[in-house]
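Take a look at the structure below.
Here, residue 1 is the first one in the sequence, and each next residue gets the next number.
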Amino acid sequence: MPAATALSPKKQHQLLADRLCKETHFSKFEIGCLVTLFCELTKTKMDRLMFRDVLHNQFDMTDDLIMDRVFKVFDNDNDSLISMDEWVVGMSVFLRGTMEERIKYCFSVYDFNMDGYISRDEMYSLFKKAIVKQTVDDDPDESIKDLSDLALKKMDIDFDHRISLKDFTTAVQQEGILLQGFGLCLPDPELVKAFEITYFKHEQ
C-alpha cells in the first residue's frame, strides 16, 4: 500500500477555509487573507507577545490585563499558543460576532479563573487598572470597592453575590453599555473597518 502523500501548505489552507467558512462569519477568501497574515507573523503558532502586538498595533489596545485575557479566550485549547484555527475563529467573534457571541466573549475575558462567574475580586482587579490610571486620590481602594459593589448590585440578577453568564446576558440586554463595562476588550468599529480594508483586499 503506497504511503499517503502529505498535503501541501496551500492545500491545507484551502481545506481550512472550506471548513471554517461554515463555522465563522468569514468567506473563504477572507479566511485566506487571515491565514496569509498569520503566516507572515509566525511559521508555527502565535505566542502571547505576537498576539499582543496585533491587538496594540491594529486595534489600539493598551491594557496589559485585558490583552492577556483576550489571548486566553482565543487560546481555546489552553496551550499558551494560538493556532491558525484559533486565530480565524477568534477573529470571527472579535471582528464580526453576533451580540450573543460578543456577550459570551466579553464574559469569558472578565472571568479570570474560568469558573463561570465574575466575582467581586475579579471586578476589583479590572476596575483597579482603570481607576488607578485616572485618579489622583491618595487611596483609590475605596472608590474601586464602591464601583465593584455598584456593578454587583446592578448585574447580579439572582442575588448570589457573583455574576453568572445568565446575569451578564440579562444586564447587557437591558443596557448595552454594560457589555464592556469591566474593560474595553472589543475593537472600535472604525478600527475594524480599517483592518478589513487593509487585509481583506478584494481579488484582482
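Two residues are said to be in side-chain contact when any heavy atoms from C-beta on lie closer than 4.5 Å; Cys39 and Met84 meet this criterion. At least one side-chain heavy atom of Trp87 sits under 4.5 Å from a side-chain heavy atom of Leu34. In this structure the side chain of Phe168 reaches within 4.5 angstrom of the side chain of Cys106, judged on heavy atoms. Proximity of Met123 to Met155: side-chain heavy atoms (C-beta onward) are nowhere separated by under 4.5 Å. By the 4.5 Å heavy-atom criterion applied to side chains, Lys154 and Glu175 are counted as neighbours. You'll find the side chain of Phe26 reaches within 4.5 Å of the side chain of Leu95, heavy atoms only.
Contacts of Ser164 classified as side-chain hydrogen bond (donor to acceptor under 3.5 Å, both in side chains), with partners at least two apart in sequence or in another chain: Asp167. In this view, Lys104 and Glu100 satisfy the salt bridge (charged side-chain N to carboxylate O under 4.0 Å, His left out) rule, not counting sequence neighbours. Judged as a side-chain hydrogen bond (donor to acceptor under 3.5 Å, both in side chains), and not counting sequence neighbours, the contacts of Asp85 are Arg19. Phe71 pairs by the ring-ring contact (aromatic ring centres under 6.0 Å, His included) definition with Phe51, not counting sequence neighbours. With sequence neighbours excluded, no residue satisfies salt bridge (charged side-chain N to carboxylate O under 4.0 Å, His left out) with Glu101. Among residues two or more places apart in sequence or in another chain, the side chain to side chain contact (heavy atoms under 4.5 Å, CB included) test is passed with Arg162 by Tyr117, Asp160. Contacts of Phe59 classified as ring-ring contact (aromatic ring centres under 6.0 Å, His included), with partners at least two apart in sequence or in another chain: Phe94, Phe195. Scored by the side chain to side chain contact (heavy atoms under 4.5 Å, CB included) test, Lys193 finds Glu190, Ile197 as partners (sequence neighbours excluded). In this view, Asp79 and Lys45 satisfy the salt bridge (charged side-chain N to carboxylate O under 4.0 Å, His left out) rule, not counting sequence neighbours. Qualifying side chain to side chain contact (heavy atoms under 4.5 Å, CB included) partners for Asp68, counting only residues two or more places apart in sequence or in other chains: Arg48, Arg52. For Lys43, there are no side chain to side chain contact (heavy atoms under 4.5 Å, CB included) partners at least two apart in sequence or on another chain.
Side chain of Glu122 to backbone of Asn113: a donor-acceptor contact under 3.5 angstrom is found. Side chain of Ser92 to main chain of Val88: no donor-acceptor pair is present (N/O by atom type, distance under 3.5 Å, no hydrogens or angles).
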Contacts under 3.5 angstrom, residues 178-186 side chains, donor-acceptor by atom type, not counting sequence neighbours:
| residue | atom | partner | partner atom | Å |
| --- | --- | --- | --- | --- |
| Gln180 | OE1 | Cys185 | N | 2.8 |
| Gln180 | OE1 | Leu186 | N | 2.8 |

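In this structure, His56 places its NE2 atom where only 12 or fewer heavy-atom neighbours from other residues, nucleotides or ligands lie under 6.0 Å away.
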